[in-house]
Structure formats: structure tokens, C-alpha cells
Amino acid sequence: NVNTTLAIEKLNQLKLKEPTFLLVDKELADIYYSNNEFDKAAQFYESYLKSGNSNAQDLIKYAMTLFLNHKFAESLIIANEGLQKEPRNPAFNRLAMYNNTDLKQYDEAIKSADRFFNQSDKPDFTYLDYRYYGQALKETKKYDLAIVQYKKAFEADSSKTDILKDVSDMYLEKSDYQNAISSYISYENSLTEDKK
């Protein structure tokens, strides 16, 4: 972490001398992951997983790098592999929900959300968790449930004011004009003068 460039150089030298020593790939993947170079990290995690020595954390990081590279289908496959080993793991359940939502598999996303929110071991919920769940509910026209999740998302991060407009739009879909108007006014009040 002090000199990642030198660390990568030394690990690559070791890889040239011992190409079958796949622990080098794990170390390289971890360095690239911590540097937010997710494309390179994914390549090295994939190589390391072939060694058969990987653990749940390695699978989580690999699935996350794929997700961050917008390779949702591949990330979902790895998350599901992880869920077969650890069905109560919140990271695998979260990634299953996110990937299913991004793949527009909303019914599966809702099932994954149920497992994440209700059947995972000690998950820490974030803005994105509520946002993804809310989106899957919204896309399946379960507006009342979606609104609840969107409001939780806003409570988790009140800087994401666009969510108030989404809430207003869902009330409008339900012909609940009073709540649509009040939500939109809240959204408008959150904007800077130039955006208003």
C-alpha cells in the first residue's frame, strides 16, 4: 500500500519466475481492487480462482469487480456460486439483488431482496440497498412497496434528492395527486436556485 507500483512490479517478476504460483494473482487482484482498477482486478481474481484455494471473500471481491465493470450476468453467476456455499452471506445476497435489477430480472431481484433484507446474517443497509429494492418493486408496479423503499433510501442519504421526484412520479401513477404534489414540492425545495 505504500508503493503499489513497486509491489506490482515485484509480483510480476515473481509471476515470471513461478507462473504456477497463483497466490501472486490474488495479491495483484487485491492491489488493483484497492486502487479501483476493477478491470485488472477481475482478470487476476478469475485466474486465482482457478487454483481452488479461494474463500468467500475472494468470491465477493471477484463478483464485485465484475459488477463494477457492468458485467452483471457474470457477477450474478459468481454471487450465486457464493450463495450455494453461504446462503446467508449478505454480500452475495446484495450482489444478487443488484445484478438481477440491472439485468431487468425484477421478479428475481425481489426474491434476492427478500433474502438480503430478511435472511442474511447481520447486513448493514445502505442507500443503494433500498434504492435497488425500490427500483425492482417500481418496475413490477408495486408502487406502495416501492415508495416505502425509496423513502428509506432518502432517509439513508438525504443528499440523493432525485429520489423525491421518483416518489412523486409513483404517486402520480397511483393517481394520488396530493402526495405526488407534496413529494414534488419537497424535491423542488431541495434544488439549488439555478436548477429550479
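In this structure, D166 pairs ionically with R131, as a charged nitrogen and a carboxylate oxygen lie closer than 4.0 Å. Here D107 does not pair with K111 in a salt bridge; the nearest charged N to carboxylate O distance is not below 4.0 Å.
Looking at heavy atoms from C-beta onward, K138 lies in side-chain contact with M170 at the 4.5 angstrom threshold. Contact check for F67 versus D102: side-chain heavy atoms found under the 4.5 Å cut-off. Looking at heavy atoms from C-beta onward, L76 lies out of side-chain contact with L95 at the 4.5 angstrom threshold. Inter-residue side-chain proximity for L59 and E86 is flagged as unmet; no heavy-atom pair is nearer than 4.5 Å.
Considering F116, Y132, Y133 as possible partners of Y98, the one that fulfils the ring-ring contact (aromatic ring centres under 6.0 Å, His included) test is Y132.
Side-chain N/O atoms of S186 and N189 include no donor and acceptor closer than 3.5 Å.
Between the NZ atom of K40 and the CD1 atom of I31 there is a distance of 12.0 Å, given to the nearest 0.5 Å. Y33 contributes atom OH, which lies 5.0 Å from atom CE of M64 (distance to the nearest 0.5 angstrom). Atom CG in L68 sits 13.0 Å away from atom NZ in K61 (nearest 0.5 Å). In this structure, the separation between OG on S120 and CG on N93 is 3.5 Å, given to the nearest 0.5 Å.
Around CG of D124, the count of heavy atoms belonging to other residues, nucleotides or ligands within 6.0 Å does not exceed 12. A 6.0 Å sphere centred on NZ of K15 holds more than 12 heavy atoms belonging to other residues, nucleotides or ligands.
Checking side-chain atoms of S158 against main-chain N and O of E155 turns up no donor-acceptor pair under 3.5 Å. With N69 contributing its side chain and K71 its backbone, the two residues share no donor-acceptor pair below 3.5 Å. T4 places no side-chain N or O within donor-acceptor distance of the main-chain N or O of N35, the cut-off being under 3.5 Å.
Between L191 and K196 the shortest heavy-atom distance is O-CE, 3.4 Å.
K152 forms no cation-pi arrangement with F125, by the criterion of a distance under 6.0 Å to the ring centre and an angle within 45° of the ring axis.
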Q.
Quick one, N100 with E108, criterion side-chain hydrogen bond (donor to acceptor under 3.5 Å, both in side chains). Give me CA distance, side-chain angles, the key distance, then yes/no.
A. CA-CA 6 Å; N100 277 312; E108 284 302 312; 5.0 Å; no
Q: Could you check Y45 against Y48 for ring-ring contact (aromatic ring centres under 6.0 Å, His included), going step by step and ending with a plain yes or no?
A: CA-CA 5 Å; Y45 281 127; Y48 174 65; 7.8 Å; no
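No single ILVMFWY cluster, assembled from side-chain heavy atoms under 4.5 Å apart, contains both F21 and L49. Residues Y171 and I185 do not share a hydrophobic cluster, clusters being chains of Ile/Leu/Val/Met/Phe/Trp/Tyr side chains in contact below 4.5 Å. By the rule that hydrophobic residues join a cluster once side-chain heavy atoms approach within less than 4.5 Å of another member, Y32 and L14 end up as members of one cluster.
Taking the six-membered ring for Trp and thresholds of 30 and 60 degrees, Y130 and F117 have nearly parallel ring planes, at less than 30 degrees apart.
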